[in-house]
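This structure is a prediction, so every number in the text was calculated from the model and none was measured.
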Amino acid sequence: MKTGGEAIFAYVLPVLRRLTVEGFKSIGRELDIQLGKVNVFIGANGSGKSCILEALGILSAGAEGRIDDGHLLRRGVRPGVPRLYKSAFKKLRQRPCITLRAEFGPEGRQATYKLAIDNPMENPLDAWRYRSESLADKDWEYKNYSRSNRSKNLPVDSQTGLTGRCATDPAMNEPVRNSIQSLIDYAIFSPNTQTLRGLVPDLYQRQPIGLSGGRLPEAYGEMLRFQRQEDEDCENLEEFLSLVDWMSGLRVTNPSRHILSPNVPAPVRVLEFRDRYLLPNSNRLLAHDVSEGALYVLSLAIFALHPQTPAILAIDNFDQALNPRLARSLMTLYCQQVMKRKGVAQTFFTTHNPAVLDGLDISNDEVRLFAVDRDSNGMTTATRILLSEELISEAKSGMTLSRLWVSGRLGGVPDL
């Protein structure tokens with residue numbers, strides 16, 4: 001656990017500062033989360049961590065203008081029928097719609113996007129209906145925009161959102177426009193080993209990589225070209241690659257049957273690693289031969305450094321296949337790089353690896369840790385873990401965040 005260090009950051013894009021959700025899946029009563037640039041959610045399986053990421057995905061699709069399976073899948077949201085999307089708790093009155101709100105920008109100058117959606121549980125429609133929608137800014141000199149079922153001056157399909165169209169208005173202030181575009185570009189990435197290796201196709205291609213980790217060689221090559229064009233120092237990339245201690249080199253190349261098994265499909269481009277401990281004629285390894293940890297390190301480096309990384313993204317269960325020490329060091333490095341980035345790259349993580357917590361500097365207000373639990377009625381709650389005097393005292397006595405979490409003192413653990 002780290003307890004020191006502060007930095008001053010300048011943002012090109014407004015940061016998403018607040019997310020409010022009500023009536024979605026296990027989020028029954030209003031859940032209000034105040035956010036930083038790096039947001040890590042810990043909790044038991046089924047506590048609602050992924051629901052928070054998906055709620056933001058629904059808000060993203062709503063801002064683009066349509067909420068249906070295609071738009072949700074493209075964002076990494078699991079599609080579901082209204083009966084499973086709407087909260088249905090025994091001790092909570094069933095609400096007719098799901099409501100969501102996002103606030104961007106510094107205190108006193110927020111741009112706020114609100115959305116309420118509905119879909120009949122019996123005979124559901126192919127897309128959710130917009131019950132209400134609004135975009136407003138405070139002190140950014142742009143008039144408020146809103147629509148609801150009672151609006152008589154908006155002859156539009158109730159399944160079509162207007163915010164994306166409104167964002168093209170030349171009168172809109174640039175920070176507000178950028179806020180909406182960053183929300184529209186949001187996606188939940190869940191890289192898996194087979195896709196990172198190039199052994200199975202990625203069904204949902206995005207930038208910089210696919211939602212499951214596809215096009216990793218192409219993304220790495222793009223990042224290198226960008227750094228050369230901008231005459232950037234590759235020191236940041238080298239810091240990530242140094243976490244893979246056996247690797248002496250990495251490049252993008254054409255597949256060669258000399259080192260590619262005939263039973264492995266040949267992609268257009270492949271990653272070729274060099275192992276410092278092997279003889280020169282045997283040290284060339286392709287992605288399907290190397291340890292999976294190296295591929296996850298590279299994918300996180302791409303999210304941190306690639307110029308086309310979404311301004312807001314989520315990485316679900318990023319720590320899979322990582323040694324605890326590697327996960328801790330990787331999280332530390334990722335936070336450092338994202339804090340220096342002017343393109344925001346605001347990130348939401350879910351994790352089950354306690355070591356990840358020891359890579360977080362929660363004394364930095366832009367790095368926030370949340371314990372996600374279900375209350376006595378089964379509804380999802382999210383509590384921010386603040387750097388209190390008690391935690392500082394625990395740190396001085398040798399207790400790490402990971403040990404505190406495993407011992408149940410931070411919350412976010414199963415009741416076993």
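In terms of the side chain to side chain donor-acceptor pair (under 3.5 Å) criterion, residue partners of S26 (sequence neighbours excluded) are, by chain and number, T380. Remark: R225 engages no residue in a salt bridge (Lys or Arg N to Asp or Glu O under 4.0 Å) (not counting sequence neighbours).
Of all heavy-atom pairs between M223 and A301, the closest is SD-O, 4.1 Å. The heavy-atom pair separating T351 from W405 by the smallest distance is O-CH2, 3.8 Å.
Exactly one of N192, T193, D319 qualifies for a side-chain hydrogen bond (donor to acceptor under 3.5 Å, both in side chains) with Y296. That residue is T193.
Although no hydrogens or angles enter the test, the distance criterion places a donor-acceptor pair under 3.5 Å between the side chain of D373 and the main chain of G412. Of the possible donor and acceptor atoms, none in the side chain of R129 sits under 3.5 Å from a partner among the backbone N and O of I117.
A salt bridge does not link E133 with K114: every distance from a Lys NZ or Arg NE/NH1/NH2 to an Asp or Glu carboxylate oxygen is 4.0 Å or more. Salt-bridge check for R75 with D185: failed, with every basic side-chain N at 4.0 Å or more from each acidic carboxylate O. Checked for salt-bridge contact, D32 and R18 meet the test: a charged N lies under 4.0 Å from a carboxylate O. Salt-bridge formation is not detected for the pair E103/R17: no Lys NZ or Arg NE/NH1/NH2 atom is positioned less than 4.0 Å from an Asp or Glu carboxylate oxygen. A salt bridge is defined here as a Lys NZ or Arg NE, NH1 or NH2 lying under 4.0 Å from an Asp or Glu carboxylate O, and R384 with D365 meets this definition.
The aromatic rings of F41 and F348 sit parallel to each other, their planes meeting at less than 30°, with 60° as the upper class boundary.
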